[in-house]
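When reading the values below, keep in mind they use all heavy atoms of this one structure, side chains included, and skip hydrogens, waters and symmetry mates.
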Amino acid sequence: MCGILAVLGCSDDSQAKRGRVLELSRRLKHRGPDWSGLYQRHDYYIAHQRLAIVDPASGDQPLYNEDKTIVVAVNGEIYNHEDLRRRLARHKFKTGSDCEVIAHLYEEYGEDFIDMLDGMFSFVLLDTHDNTFISARDAIGITPLYIGWALDGSVLISSELKGLNDECEHFEVFPPGYLYSSKTGGFKRWYNPPWFTEVVPSGSYDPIVLRRALEKAVIKRLMTDVPYGVLLSGGLDSSLVASIAARHLSGTKASRLWGTQLHSFSVGLEGSPDVKAAAEVAGCLGTIHHEFHFTVQDGIDAIEDVIYHIETYDVTTVRASTPMFLMARKIKSLGVKMVISGEGADEIFGGYLYFHKAPNKEEFHRETCRKVKALHLYDCLRANKSTSAWGVEARVPFLDKEFINVVMSIDPKLKMIDMGKNRIEKWILRKAFDDEDHPYLPKHILYRQKEQFSDGVGYSWIDGLKDHAKLHVTDKMMLNASHIFPHNTPLTKEAYYYRMIFERLFPQNAAILTVPGGASVACSTAKAIEWDAAWSNHLDPSGRAALGVHDSAYELDAGSNSSTIKIVEDGPMMMDTTVRELAIRS
Amino acid sequence: MCGILAVFGCVDCSQAKRARIIELSRRLRHRGPDWSGLHSEQDCYLAHQRLAIVDPASGDQPLYNEDKTIIVTVNGEIYNHKALREQLKSHSFNTGSDCEVIAHLYEEYGEDFVHMLDGMFSFVLLDTRDKSYIAARDAIGITPLYIGWGLDGSVWFASEMKALSDDCEQFMTFLPGHIYSSKTGGLRRWYNPTWYSERIPSTPYDPLVLRHAFEKAVIKRLMTDVPFGVLLSGGLDSSLVAAVASRHLIDSEAYCQWGSQLHTFCIGLKGSPDLVAAREVADYLGTRHHEFYFTVQEGIDALEEVIYHIETYDVTTIRASTPMFLMSRKIKSLGVKMVLSGEGSDEIFGGYLYFHKAPNKEELHEETCRKIKALHLYDCLRANKSTSAWGLEARVPFLDKEFINVAMSIDPKWKMIKRDIGRIEKWVLRNAFDDDEKPYLPKHILYRQKEQFSDGVGYSWIDGLKDHANKEVTDSMLTNANFVYPENTPATKEAYYYRKIFEKFFPKNAARLTVPGGPSVACSTAKAVEWDASWSKNLDPSGRAALGVHTAAY
């Protein structure tokens with residue numbers, strides 16, 4: 001990843017302003033530790049902090065067209081840049097950077113080229129012919145982007161909130177899939193796939209089509225000139241990514257440069273479920289596997305830093321980001337700059353445990369659409385910012401545009417969980433990779449249910465966080481929470497604690513509004529809470545609470561003759577509980 | 001390099017204090033991007049930010065003795081750690097880190113072990129058995145260290161000033177070669193070599209002894225588990241480092257892991273003298289050479305950050321640090337974590353051009369002693385902090401303790417510059433590596449006079465800086481400079497400009513006092529300004545001003 005910051009039309013071209021822009025840009029240095037660049041033309045400033053992944057030697061940014069009339073700063077990767085270059089045969093390219101095509105595409109097609117880009121990206125482009133600019137963000141919001149407006153009439157655009165929050169009167173999240181044009185002064189959605197309307201599709205399920213689509217998505221993400229690896233939690237999604245990458249590595253340019261053996265990384269408290277599961281998968285795939293252990297204290301000590309980096313007070317995101325943040329530092333220290341990660345599968349396929357309770361296929365489908373649209377506020381934000389904090393880039397093949405189209409056109413009745421037919425969550429994905437001749441994964445891994453992320457790193461992690469929050473937040477503070485924080489009022493001490501840290505770092509009201517809120521159970525949207533009457537009484541944002549839907553719980557259900565969902569707030573974990581799990585609290 | 005921060009005896013042991021220490025420690029994270037650790041014990045905190053060079057897998061800090069009663073946080077490299085481990089047979093070690101020996105040495109010898117360490121280091125050690133602690137800094141001050149005192153009675157130690165300046169009422173540079181012990185509450189010098197007294201030595205010059213001492217110094221610095229390289233400006237000092245390193249690479253541990261071709265790095269404005277000179281040396285040695293270019297604008301844009309990192313307003317240091325700072329970022333982006341660099345030779349051998357005017361061998365020798373003692377405020381500070389800003393470690397073989405002993409025991413008459421018999425500056429060093437059978441360097445490089453650093457990166461660099469400062473600083477500002485800055489009053493607009501930036505980051509009086517001042521010409525000490533009557537009227541801290549002594553001027 002890189003960091004971009006643009007200050008456009010601020011009516012100030014002084015040395016002092018230049019100094020200030022440099023200072024703001026430095027706040028994004030973690031994203032692009034390798035080099036920085038600042039383009040200034042009158043009162044237009046475009047700054048860039050670079051992480052060099054493709055063409056480290058010459059691809060420093062900002063980038064230009066041939067006569068330098070068009071200037072562009074990009075954070076991202078354009079996987080189809082070689083194709084696009086071929087289509088721009090009459091253009092002369094100065095660098096090997098994948099992002100340079102953007103300047104030339106604009107020259108050729110004006111503002112209507114964004115959909116031609118296959119990748120993840122945020123960029124700002126200045127056309128010096130008429131001093132207009134455009135800015136755009138990728139379809140799903142894999143890369144972060146914020147936009148703000150200052151009292152002097154300038155527009156600021158920044159990869160992270162911290163680059164612009166102190167300068168702007170108002171700022172907000174730049175919506176994914178949108179283009180901002182200074183000519184119209186407004187946003188336009190450029191991303192218009194069929195699934196966006198949320199109409200329920202009726203496409204058939206072809207396991208091989210699905211498989212090929214994911215394989216293609218992984219393979220194109222092996223484009224790199226630097227060492228890389230795979231984040232492996234041992235669950236289905238990351239294991240599939242690792243398996244495909246390991247299988248196709250040998251044909252790639254990356255393998256010539258960095259060897260044919262894949263590196264994989266996992267993190268957890270000592271002895272945690274993820275660490276065990278990942279080691280098993282790594283053993284099957286024969287990767288060079290790196291395990292990182294952290295202690296609850298390590299995690300707690302990092303919380304402030306995590307919130308500073310990820311810029312959210314969402315409880316689930318903070319919980320899950322911390323181990324990822326710690327792991328990213330270790331990964332970077334090994335010299336690895338890029339990792340492939342499994343985010344997005346749970347949203348596209350309805351993989352969260354609460355999907356067990358989806359009442360019908362229409363509801364199921366619409367919930368997956370809502371989840372995909374909100375990804376940029378949750379898992380995309382986590383994956384990108386936790387890794388970018390240390391100059392590591394995360395690539396997410398499940399959020400490939402083509403792959404999403406394939407998956408979201410499948411009749412959702414096939415995604416529905418049907419324990420009677422042995423169809424657990426994400427069954428169509430599992431089935432697509434169930435190859436008897438050349439198995440991608442052993443069956444028991446392919447069909448295993450896994451902990452949700454923050455549980456998987458070790459059961460005591462979340463308990464430790466809660467205990468720590470109690471030391472900082474008193475009952476009296478909680479009583480006044482709704483007055484102090486009228487928007488997205490924290491309901492738990494843990495949430496209050498994160499919120500306090502967030503507001504200290506980002507005190508503006510606009511910053512508070514960039515973080516989503518609302519009721520949720522086990523990562524659901526507010527809408528899906530209606531699926532089960534019991535849920536609204538037991539709101540807990542984390543995976544653990546949605547008990548009774550995991551395999552092991554179904555078995556217990558049969559024994560206890562109970563059919564209602566059980567929600568255990570502070571109980572032990574799903575997998576190895578026997579006694580307390582039956583304690584239904586209502 | 002790593003970053004250390006330690007606080008002892010603060011009144012407050014709350015969660016909030018812990019969080020504050022973590023926050024302060026994060027200010028040193030650039031020094032140690034790879035991991036961080038914090039040990040807290042009642043009202044004592046030892047924090048560490050690690051750059052993993054030796055034993056990346058298990059050497060996270062703080063480090064402990066066997067029963068964890070002794071805790072130590074170290075920034076540095078102990079080159080003789082294996083030999084020391086041998087001497088500590090009865091001890092069992094938890095990690096492969098070179099720094100772990102410190103905990104065990106303390107256990108064995110108490111406070112009197114610092115001189116046994118061969119390397120560069122700053123460390124803080126807590127003995128939980130009697131709640132006493134010590135801190136020490138290497139002989140010359142290759143690694144930075146500051147000490148401070150809080151109003152609550154706490155004592156602070158930090159690798160960089162920025163970690164303690166906001167929380168201490170008073171602080172200062174921790175003197176190199178000293179140890180602080182909480183038992184006595186004071187600093188004591190542990191480094192007592194013969195040359196320190198500044199008495200004139202009389203050992204005759206033996207080229208081979210000098211050569212071998214330097215080769216040993218370079219070889220021991222090849223101890224690394226990560227990719228490394230050499231900073232090569234094309235001058236004598238860095239070229240010798242590169243020549244010796246590439247010759248001995250094949251016998252080193254590093255060779256097995258990272259290949260037999262040495263990486264070398266050079267930076268300059270396009271077409272600058274250094275780039276040309278370094279390329280020539282790299283071609284001769286067959287290194288894998290990387291050239292980096294910067295523009296004057298890029299350098300100017302980086303100034304604030306440079307001053308924040310190097311924590312000085314000394315003009316020469318800032319001029320020379322900026323290119324080094326920019327280059328370090330590029331080097332790090334290639335995955336290289338450690339570089340060897342040529343600092344220290346000019347001080348030991350009297351290599352600065354103003355040494356041409358040394359009136360006699362006594363004056364020359366005393367000046368070299370003064371220069372070495374001040375290195376920690378100038379070139380050591382520059383080399384360490386410019387590279388550490390990007391998590392890159394600089395090792396300086398010329399400042400090897402043994403090598404200094406050898407070089408400083410030579411009768412200084414040999415170091416005197418005598419053009420009539422062909423002895424230019426640093427002749428004793430050049431001659432030591434003048435090997436006709438297996439030449440280290442071609443003769444014309446071995447005997448060439450080079451630009452001083454900030455000139456070598458390109459002549460327009462310093463002019464660009466001056467022009468920029470002229471825009472930022474008005475005449476009336478300079479007129480009032482002695483009222484605004486009564487101490488170390490800036491005499492030029494450039495100096496005024498740097499000072500302004502420095503004071504913005506480090507507003508306390510104590511911070512100002514950590515930076516040396518006084519008259520200087522072309523890097524001389526104030527004392528040496530007396531060598532030439534015309535100098536005192538023409539004070540300019542940079543190399544170019546001392547004209548008339550370069551061969552071109554002869």
Are B:Arg29 and A:Arg329 close enough, and set up right, to give a side chain to side chain contact (heavy atoms under 4.5 Å, CB included), and what steps lead you there?
-> CA-CA 11 Å; B:Arg29 191 153 75 190; A:Arg329 187 175 190 180; 3.7 Å; yes
Side chain, backbone, both or neither: which part of A:Leu326 has a heavy atom under 4.5 Å from chain B?
-> both
Quick one: what part of A:His290 sits under 4.5 Å from any heavy atom of chain B, side chain, backbone, both or neither?
-> neither
Best-contacting candidate, [options], against chain A by heavy atom pairs under 4.5 angstrom:
options: B:Leu326, B:Ile300, B:Leu38; result: B:Leu326
options: B:Ser36, B:Ala302, B:Gly335, B:Gly37; result: B:Ser36
options: B:Gln297, B:Lys330, B:Gln15; result: B:Lys330
options: B:Asp301, B:Ile22, B:Leu303, B:Leu51; result: B:Asp301

Answer yes or no: is there a side-chain heavy-atom contact under 4.5 Å between [X] and [Y]?
X: A:Lys29; Y: B:Glu305; answer: yes
X: A:Asp305; Y: B:Arg26; answer: yes
X: A:Lys330; Y: B:Asp60; answer: yes

Given the rule in the side chain to side chain contact (heavy atoms under 4.5 Å, CB included) test, do A:Gln297 and B:Arg18 qualify, once you have shown the distances and angles that lead to the verdict?
-> CA-CA 11 Å; A:Gln297 186 66 56; B:Arg18 184 182 175 94; 3.1 Å; yes
Is it the case that more than 12 heavy atoms not belonging to A:Lys94 sit under 6.0 Å from its NZ atom?
-> yes
Option in A:Gly19, A:Ala302, A:Ala52, A:Ser36 with maximal non-hydrogen atom pairs under 4.5 Å from chain B | A:Ser36
Could you have a look at A:Arg18, A:Lys332, A:His468 and say which one has the most heavy-atom pairs with chain B under 4.5 angstrom?
-> A:Arg18
Sort B:His290 into side chain, backbone, both or neither according to what part of it lies under 4.5 angstrom from a heavy atom of chain A.
-> neither
Checking B:Leu334 against chain A: side chain, backbone, both or neither under 4.5 Å from a heavy atom?
-> neither
Shortest non-hydrogen contact from B:Glu298 toward A:Trp35 = OE2-NE1, 3.5 Å
In terms of heavy-atom contacts, A:Pro33 and B:Arg329 come closest through O-NE, 2.7 Å
Calculate, to the nearest 0.5 Å, the distance between atoms CD and CD belonging to A:Glu23 and B:Glu304 respectively.
-> 6.0 Å
Calculate, to the nearest 0.5 Å, the distance between atoms OG and CG belonging to B:Ser40 and A:Asp301 respectively.
-> 8.0 Å
Taking atom types as modelled, find out whether B:Ser333 and A:Arg50 have a side-chain donor-acceptor pair closer than 3.5 angstrom.
-> no
